[in-house]
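Every chain is numbered from 1, with letters handed out A, B, ... down the list of sequences. This structure is a prediction, so every number in the text was calculated from the model and none was measured.
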Protein chains: 2
Amino acid sequence: MTATEGPGAADGGAPATTGGDAPGRSRDDTVAAVVRQWRAVHPGLDTGPMEVIGRINRCAALLQQAEDAPLRREGLTRPEFDLLGALRRTGHELTPGELARETFSSGAAVTKRLKQLGERGLVERRGDTRDRRVAHVRLTDAGRDLVDGVLPAQLAYETAVLSGLDGPERGELAALLSELLGRLEGRLGALRA
Amino acid sequence: MTATEGPGAADGGAPATTGGDAPGRSRDDTVAAVVRQWRAVHPGLDTGPMEVIGRINRCAALLQQAEDAPLRREGLTRPEFDLLGALRRTGHELTPGELARETFSSGAAVTKRLKQLGERGLVERRGDTRDRRVAHVRLTDAGRDLVDGVLPAQLAYETAVLSGLDGPERGELAALLSELLGRLEGRLGALRA
DNA sequence: CCCATATTTTTTACGAGTAAAACACCTGCT
DNA sequence: AGCAGGTGTTTTACTCGTAAAAAATATGGG
């Protein structure tokens with residue numbers, strides 16, 4: 001989780017609320033073991049959400065470690081690649097603020113990354129003529145080439161990492177995650193109390 | 001996801017490989033938008049895995065922010081809680097090395113956390129009598145009470161956060177994630193080349 | 001016109017994690 | 001016994017992200 005997370009986390013739920021049974025027999029992953037321990041210690045607790053949240057966290061941690069491999073080969077961290085990718089996929093210049101929103105990171109982090117990427121000749125900046133507070137950032141040719149060169153390797157690697165899931169399973173997983181994500185994005189700000 | 005990630009990341013796939021259609025109509029989440037942008041710029045690319053990996057990363061990021069709330073109220077970070085939780089759910093003492101494995105973090109990180117948690121009176125340590133390199137860490141009464149006090153709030157909060165998914169959906173999602181996680185945990189070490 | 005306030009970006013101070021080296025200690029071989 | 005090499009833990013040096021303050025500029029009301 002990024003970095004910071006773990007299956008040692010607070011998640012492990014009872015199969016009680018498990019409705020439809022999916023394909024494949026129940027593999028015994030780390031989270032299942034953690035859940036069993038919690039249930040043994042606190043039999044009364046509804047550990048349901050752990051099954052989902054714990055696994056999302058752990059999958060994210062493992063996937064990121066894996067995903068980083070092709071990026072690292074090109075000397076990029078994932079946040080850096082995210083920034084370059086945002087510029088590449090939108091196809092136009094973005095301000096630091098827009099980049100921060102686009103990559104879900106703080107403005108300060110974007111400032112630092114831009115400085116580094118600029119020194120490496122991957123991005124350029126120009127000031128806005130109307131409003132002299134704002135800057136406009138764009139990819140250099142080298143930056144664009146780097147993104148275009150890394151992206152296929154990145155996607156191929158991700159495909160390999162996901163190869164355990166067949167087509168329909170992957171589609172179902174994507175759909176369920178989309179459902180969850182849609183709700184999280186819509187409602188989380190309000191819940192954050 | 002620990003930490004460092006983002007939907008600005010390299011994920012966004014074509015619905016091409018999407019087999020079985022899940023319940024609910026396709027919500028338009030952030031990842032879907034990112035995927036559309038990538039496909040517009042690179043029409044030939046198989047963006048399939050993005051749909052899954054991008055969403056897992058983004059969900060992990062959002063969930064963690066949400067999850068942190070009940071923990072923060074008690075002055076705990078998630079890694080700290082993971083460490084205390086490992087001690088609580090196993091029910092016995094653990095060595096720093098075991099704690100590192102159990103919480104999927106580095107030994108150095110565990111050393112630092114133990115120091116802080118020790119200063120707060122939540123854990124205690126004693127040296128092994130046979131092998132004087134190893135230490136044994138256990139929860140103090142205060143530590144155990146803290147975990148037991150926070151856990152219900154934590155789980156309740158997680159339930160609320162997941163309330164967008166009904167029972168069967170949650171079960172299916174847990175099953176699919178378990179499938180993926182099982183394979184990742186088994187195979188990732190080998191793939192890490 | 002000038003001031004108060006808001007906005008965009010950068011700077012500062014600091015906390016947290018990591019990798020690699022350092023320590024301290026064990027174990028087995030000779 | 002003595003030492004080579006291995007294991008468990010901590011320390012060191014460094015990187016990276018963040019929150020909060022600062023800097024620079026815009027905007028609207030009096």
Using a 4.0 Å heavy-atom cut-off across all strands, classify B:Arg101 as base, sugar-phosphate, or nothing.
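No contact.
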Of the options C:dG17, D:dA26, C:dC25, whose atoms approach the side-chain atoms of A:Asp131 most closely?
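That would be D:dA26.
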Check the phosphate of [N] against [X], side-chain N and O only, distance under 4.0 Å to OP1 or OP2. Yes or no?
| X | N | value |
| --- | --- | --- |
| B:Arg125 | D:dT10 | yes |
| A:Ser106 | D:dT18 | yes |
| A:Gln116 | D:dC16 | yes |
| B:Thr95 | D:dT9 | yes |

Expressed in angstrom and rounded to an integer, what is the separation of [X] atom [atom1] from [N] atom [atom2]?
| X | N | atom1 | atom2 | value |
| --- | --- | --- | --- | --- |
| B:Gln65 | D:dG17 | CD | P | 16 Å |
| A:Asp128 | C:dT8 | CG | C1' | 11 Å |
| B:Glu119 | C:dA16 | CD | P | 12 Å |
| B:Arg133 | D:dG6 | CZ | P | 13 Å |

For A:Leu177, run the side chain to side chain contact (heavy atoms under 4.5 Å, CB included) check against B:Leu173, B:Ile53, B:Asp29, B:Val31 and tell me which one passes.
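Result: among B:Leu173, B:Ile53, B:Asp29, B:Val31, B:Leu173 is the only option passing the side chain to side chain contact (heavy atoms under 4.5 Å, CB included) with A:Leu177.
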With respect to B:Leu83, which candidate in B:Leu114, B:Leu139, B:Val137 satisfies the side chain to side chain contact (heavy atoms under 4.5 Å, CB included) definition?
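Passing option: B:Leu114.
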C:dT11 base to A:Lys112 side chain: any donor-acceptor pair below 3.5 Å?
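Counting by modelled atom types and ignoring angles, no donor-acceptor contact under 3.5 Å is found here.
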Check: D:dT25 base within 3.5 Å donor-acceptor of A:Arg132 side chain:
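For A:Arg132, whose side chain was compared with the base of D:dT25, there is no donor-acceptor pair (under 3.5 Å).
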Expected output: side-chain B:Glu185 to main-chain A:Thr30 donor-acceptor under 3.5 Å
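Checked: pair present.
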For B:Arg126, does the CZ atom sit with more than 12 other heavy atoms under 6.0 Å from it, leaving out its own atoms?
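Above 12, so yes.
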